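For reference, the structure discussed in these notes is given below.
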8 protein chains.
Amino acid sequence: MMEEILEQVQRGSLSVAEAKEKLATYENLGFAKVDHHRKNRQGFPEVIYGEGKTDVQILSIIKAIRSKGNDVLVTRISKDKADYILQEYPEFIYNETAQILFWKEQKNSKDSFQGYIAIVCAGTSDLRVAEEAAVTAQALGSEVRRFYDVGVAGIHRLLDNIEEIQQATVSVVVAGMEGALPSVVGGLVSHPIIAVPTSVGYGANFNGLSALLTMLNSCASGISVVNIDNGFGAAYNAVLIDNLAKKGAEKG
Amino acid sequence: MMEEILEQVQRGSLSVAEAKEKLATYENLGFAKVDHHRKNRQGFPEVIYGEGKTDVQILSIIKAIRSKGNDVLVTRISKDKADYILQEYPEFIYNETAQILFWKEQKNSKDSFQGYIAIVCAGTSDLRVAEEAAVTAQALGSEVRRFYDVGVAGIHRLLDNIEEIQQATVSVVVAGMEGALPSVVGGLVSHPIIAVPTSVGYGANFNGLSALLTMLNSCASGISVVNIDNGFGAAYNAVLIDNLAKKGAEKG
Amino acid sequence: MMEEILEQVQRGSLSVAEAKEKLATYENLGFAKVDHHRKNRQGFPEVIYGEGKTDVQILSIIKAIRSKGNDVLVTRISKDKADYILQEYPEFIYNETAQILFWKEQKNSKDSFQGYIAIVCAGTSDLRVAEEAAVTAQALGSEVRRFYDVGVAGIHRLLDNIEEIQQATVSVVVAGMEGALPSVVGGLVSHPIIAVPTSVGYGANFNGLSALLTMLNSCASGISVVNIDNGFGAAYNAVLIDNLAKKGAEKG
Amino acid sequence: MMEEILEQVQRGSLSVAEAKEKLATYENLGFAKVDHHRKNRQGFPEVIYGEGKTDVQILSIIKAIRSKGNDVLVTRISKDKADYILQEYPEFIYNETAQILFWKEQKNSKDSFQGYIAIVCAGTSDLRVAEEAAVTAQALGSEVRRFYDVGVAGIHRLLDNIEEIQQATVSVVVAGMEGALPSVVGGLVSHPIIAVPTSVGYGANFNGLSALLTMLNSCASGISVVNIDNGFGAAYNAVLIDNLAKKGAEKG
Amino acid sequence: MMEEILEQVQRGSLSVAEAKEKLATYENLGFAKVDHHRKNRQGFPEVIYGEGKTDVQILSIIKAIRSKGNDVLVTRISKDKADYILQEYPEFIYNETAQILFWKEQKNSKDSFQGYIAIVCAGTSDLRVAEEAAVTAQALGSEVRRFYDVGVAGIHRLLDNIEEIQQATVSVVVAGMEGALPSVVGGLVSHPIIAVPTSVGYGANFNGLSALLTMLNSCASGISVVNIDNGFGAAYNAVLIDNLAKKGAEKG
Amino acid sequence: MMEEILEQVQRGSLSVAEAKEKLATYENLGFAKVDHHRKNRQGFPEVIYGEGKTDVQILSIIKAIRSKGNDVLVTRISKDKADYILQEYPEFIYNETAQILFWKEQKNSKDSFQGYIAIVCAGTSDLRVAEEAAVTAQALGSEVRRFYDVGVAGIHRLLDNIEEIQQATVSVVVAGMEGALPSVVGGLVSHPIIAVPTSVGYGANFNGLSALLTMLNSCASGISVVNIDNGFGAAYNAVLIDNLAKKGAEKG
Amino acid sequence: MMEEILEQVQRGSLSVAEAKEKLATYENLGFAKVDHHRKNRQGFPEVIYGEGKTDVQILSIIKAIRSKGNDVLVTRISKDKADYILQEYPEFIYNETAQILFWKEQKNSKDSFQGYIAIVCAGTSDLRVAEEAAVTAQALGSEVRRFYDVGVAGIHRLLDNIEEIQQATVSVVVAGMEGALPSVVGGLVSHPIIAVPTSVGYGANFNGLSALLTMLNSCASGISVVNIDNGFGAAYNAVLIDNLAKKGAEKG
Amino acid sequence: MMEEILEQVQRGSLSVAEAKEKLATYENLGFAKVDHHRKNRQGFPEVIYGEGKTDVQILSIIKAIRSKGNDVLVTRISKDKADYILQEYPEFIYNETAQILFWKEQKNSKDSFQGYIAIVCAGTSDLRVAEEAAVTAQALGSEVRRFYDVGVAGIHRLLDNIEEIQQATVSVVVAGMEGALPSVVGGLVSHPIIAVPTSVGYGANFNGLSALLTMLNSCASGISVVNIDNGFGAAYNAVLIDNLAKKGAEKG
């Protein structure tokens, strides 16, 4: 591309000023490529972290996003703030457990890909984080199946569901307290696992530190970990992986 | 008892000096009872913590114990030191993995009690601690069954053995790294579990802190925890519990 | 049992569909046994952790439990929520200090067993946790004796009660601040001790970490530890142990 | 499958004893499937963690693996021990920096898949961990490209290589000290990143804790983390992901 | 000076009492010099830490300062308290984001010095701390340029501004979460960097500990660190450095 | 004093130069007084911290001290180094357990004071620290009585000695592992207690942190704490207190 | 005494029942002595820790204490609760800064003792803790002098007061943030120092941990430390020491 | 510059290929500028971190540097390795305490600048780190004055030197144990202070954490902190600041 510009200058079909501007763009091409890559990801809606932003601030960001015709994903947004947005955009979907508000253009995609992400969750008290992961993954375009309340203290509940979990492309495994679930799942499946420690617990739980250390030290292979309570981050990772499988399948 | 002594004084059948001595004994009776209780425990050999003691020091303590005819249990004793002791007491038994040296008088007890302690162990690298627990429990007079290398990353190995574990009186569950095994066992058995975190691992394991926190935060009921690598302490607890069941049974 | 089913199929006395259903049950027998074990435990009421559940949610769980005729135990439930439940079930018992609501079918058991659990408590500020343990143990069917405000800074208060503590089957020892009480009790009794650190204290207490570490490092034998403030867990352990002694005694 | 067996019994074409054995197998099928999944993974060599095992122990495990015709991967094995193995198996490959010994059957696979894993490394002192990841990934069958010494303090070195990193299927990013590299890479690529903190550093580095926390708190999306110095675990994750992309591509 | 006083005493031109008082002053001269140095610094307004002081208390301190004709700088002061002060001193300037209230005498300084402090900030959520630094530096008399929202996850935003940052005398770099920004800036500039970790984040961020450790472990040279959220302290340091450059330039 | 000098100058009996020199001394009098106070303390030997110093270095410091006729106290000095010193100063006393070398001038003091410092020690493994305290206190001139191996797990051993401990002026209480001894002693005596945590223990002891936190959180009044293993510091404090009592008594 | 009782029994001047009761008392003499010691301390009022107690509870405890004619000291009591008590006992003194309520019988003691406790305080924000110490010491009967706002960042303020501090019997030194003040004071005085870290600060202060570690690691001798914010405990220690000096002086 | 190239292309005085190459260079100009800035710094020798490198590796790096005529600075290099280098380069200077080897071209600079860096050090055991700072600063071209053994426990030693410290451009203050020295110095000088915590100490010092926290929490303004033991980093910062003052002065 640089060569082309220079030849146009040589031929006189491009002024120095015009060439300079184009090359300035080119000059940033490394980063433009980055953006281009980002474009490819999208289909991904732009993500707004709702915590610490006012409803007015969130609304104005959403307007800017929608003006470009893009999808919207707001995480960690309370019902109050979501209601405020929904007055303007009643077509948006709000999931109160997940604390997520999103909107996604419907596409007539005949998606032949059969893959799905398994969202596996130890206890009912980890639901908020599990749902943040599940709804995020759906908003980012992946199929999701939920396997909730299958914690290690009642291992048969997990085993009753293990075949369906095994057939997922990737699992997001959410657990608080002792955080042992990813290790057990990791010994039963052959796909990648994104483990999410939650801050659920008390005493020597230290706001999720216990579960975090458990997951980092897992003796099962194929497990990587995200920050405490970071359901969004886990889903984001899972969707990247799910898309790799999808892309391969689509090429076929 | 005090009353009796005083009446003897009143009757003149006991001098003041004699009464004084007896009462002095009585005065310490609270603690004498303690010792009496300790006696009941025994059959328990006296326990020597070998780390940081020289072979000469250990030998002299053993001689004192043996001179009273008591059993001997030395924990955390290296092979070198044990060999030194074995020259004098070739009848002693040394278990190198457990780092335990002990001697126990054979009794013709027709013990009708069927109970046993299950020593359950996550990985081969936790063997030293598991064996410290197992040999301690045996030296203290309990029946022991070992279930080793049944960590959560291969849950079927545990499930293959679960019925025999379920029939134990009490389990000692030893695990390093993420320390999830007690939680899983706790969901499958109905007897008390003594959990032992080990310092096996690396990185964010922090010398056993990870496993310790996991066990303290277990979502399964019926689990209590001892210090990192404290196989001896876990076995001691387990034997106390096993003896309670045994005593009941013997009374029957 | 599997053999029997197959023979019935062979004989034609059982259809394939009927056999399949029975075997499906059988197939899960490993875990069914678990449940069976759990049944044996019961007599134990089912336990509901009240924190983070609404009164409506708790009520609906209770109804489900009562519909099966089972006993009820709700821990960490505030007076407000308990009052809501008591309107429907005025026969339930609420202990505000313990934050426990429970109901237990009266049985005409002529329980010849003399054992009891000692609940030993360092200071008045540890009362909530001690009562959680005491009431839990009672709700789970054990006899309980309370020894409160016998902290180590006034050792004679403990010694005044030590004989009665010594005769318990098992002790639950609750202490905050420096958490030294279990070590002292551990040197005076010969039965198992479940130690409960509490988050009572300030400054370098770090929400109970100080007491937790103290108890894990105890130089007395026969002590195991549960999570900070986990009075319920300690009682659950103690009852398991008490039942072992009881069972033996009953056999007799 | 169960139905089929029962019908055979009904028809008399299967004896009760034969049916019992088959059902016994079936009963464990959940776990058999697990193993089947594991088989699919393989091609993966079985992995031996060399630390804490003697050369004799390692050799005997290798012999067992080779007797089944399987590939071999030994991690954390010192040169001394590797030399001992190489006397018996001179065809094995030892990488001293990575501390890995492995052997892999050559296959005439015409692998049309173009994907590769990028191993990105902050500093020369993180080489051991980066090489553990790189050699593991190769031993597990993935293509690998190395981008070493591209730490954030000289950001242009990273930018000079960013396009080739962007085209990888997945990146393993290794960094010690402040551990900032994954965040920067995460902002420049659109594929999943497995971040590996290393224990390289001094002072307030606290044996890798600093880098670990940095990576868990990364503000870039698409990053998940493994334990400190766990190059093997990161590579294992990366290969699972790489295989998902490969599998899709192969199907095409 | 001491000599002079003594000679006056010798000559009789100074009484013993007068000499004693003068020498007492002299005796404290070391500290008087300290104060003198402090005077030199000023131009620096006196600084009031507003947190934990009532509006009435702050007002009375301000009055004392103003009565000496000095400038005023109040940090960590809420809008409510500031409004109270502004009623009395409407000429004061309040910056709500920075939580700073200040007043500075206008001087007709023809300041030929071209230097400025770059305030560089990773994310919008770090704004409060960045503004505390920026407004402090301005109130203390330095030129400031702001470079906000240039976090490492979008490195091109930083690179777009890097030349202007490079020409600053000194940079204050503010970052929360993983705190990687100072390392990247440190690799791109040749002047001193004062790094400020913020408590922005969640989970394993531990109230800013993560960012603090990152900055202390930075592999880039020329970085020193202040306490978490201490925007004021960073600015104070930066102004001291900026003044050194200014002083040199002014001498010229 | 200043007045006097000035009057001498006024009178001409002191030259300006002479006065200047005297006043220069006077000018530093605040600090001179400090030294004067230090003198009063002494009789205290000067203290050399032996760790990290060579035998040659220690010898040369000792020579300087002895040249002024002062007493000598070297702490944390190994036997090897002590032997080197003893060749030159055979009259010095070396205590190997305490790792202390000292020399003290004999005085014919008819010390009517009856007070003593109680050195109380939990376990035999804390001996090194207890002896460091005991020998330091003796070297600094106090009477010392040792009460060793009276840990809380065998409370009667402590109670057997409690009266003699109660009559001390001040107690130094040394304990590792759970560090509970000072709390128990604190409840039984009415004089000040200096508590010394030791690094003896393993697992969750964290090199003495456990004992340190226990002591800081003690529910008994009258306890203050020094650094882990700091037997010297505890003794120094105790001697200061003992001297206050002695001084009062001597005045009488 | 035991002998005497026995002789009376022998002589018949004491019945067995009477002797038994007397001996029961004697039997507890070890602890009675403890109480006796406690009596000696008193003059010390009994201390009530107000935090977590209701005004009604505090009042009832006070009534019990007053009914025995004893002095009263309530720490950590809010103004609301204090006002409630003051309605009943208007003669009590409440210090709001110190959060202390106390009452002390006036005695016509002609106390010839000149000693006092120096309460030294780094910053105005440490006032609450310093006043807790000061008022406690006064309520316990010691003379107190306050030296406030003499933190190390303005060392001349400390030096201006150092002589008066040097003449105290013992110092309580209170400091938050970096907690350096006790080290500096420790280098300037020759009496014991009780150091109190406070939780004042932010960021890497970690609720007083920073100041606590500073004080424990002080390179000055003669310093011991109490828990974070424990002004009461420091004063209690200081008064014990002050009384030792006083007692000596009184004997004289 | 880009414009110029384009005009040459337009004029035909530069071929497209030549222009492309030149622009490629230009394209990286942002980073080229960075390097240019780095050049300006230099005069700074290139820095080699010697720890973990062999003598052979260090020598080969040095040869590369010397071949470009540049100065050399090797930190953390042991005497053994330094001796190896000195055989080849006998003109190099090795400072064993500082563990630094360097070489610097002599310049006939008539440096009129009077500024110097004060290296202030609390105790003799911090010497290694202080010397690392001092020698680094000298090797980087700054004047240095050393003020050693002026710790806060003997504040008069510091005050005796304070005037000379006050006149420095910038101070590097090194302290271990409680790390209080920078706070005291910070209250006495008006220039920037770079504080260096050292790992000197024991017990609750936690390898320098204590001193690090102290310095971060300093109540004195004008202090920033580098990593534990990072004398090099502190000096590097100080030289950057010193050069700013120098540059100003030179311009004059």
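FYI, side chains are in, hydrogens and waters are out, and symmetry mates aren't considered; it's all heavy atoms of this structure. Lettering of chains follows the sequences in order, A, B, ..., and the numbering in each one begins at 1. Note that this is a predicted model, so its numbers are computed, not measured.
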| message | Quick one, D:T214 with E:N217, criterion side chain to side chain contact (heavy atoms under 4.5 Å, CB included). Give me CA distance, side-chain angles, the key distance, then yes/no. | response | CA-CA 11 Å; D:T214 303; E:N217 285 287; over 6 Å; no
Are E:L213 and D:L213 close enough that some pair of their side-chain heavy atoms sits under 4.5 Å apart?
yes
Handout entry: From CA spacing to verdict: side chain to side chain contact (heavy atoms under 4.5 Å, CB included), D:V184, E:V184
Key = CA-CA 9 Å; D:V184 177; E:V184 177; 4.0 Å; yes
Ranking E:A180, E:S183, E:A220, E:A211 by heavy-atom pairs under 4.5 Å to chain D gives rank one to E:S183
For residues 198-207 of chain E against chain D, heavy atoms under 4.5 Å, the residues are E:Y202, E:A204, E:N205, E:F206
Listed by number, the residues in residues 223-234 of chain E that come under 4.5 Å of chain D (heavy atom to heavy atom) are none
Output for pair (D:L158 CG, E:I155 CD1), nearest 0.5 Å, gives 8.5 Å
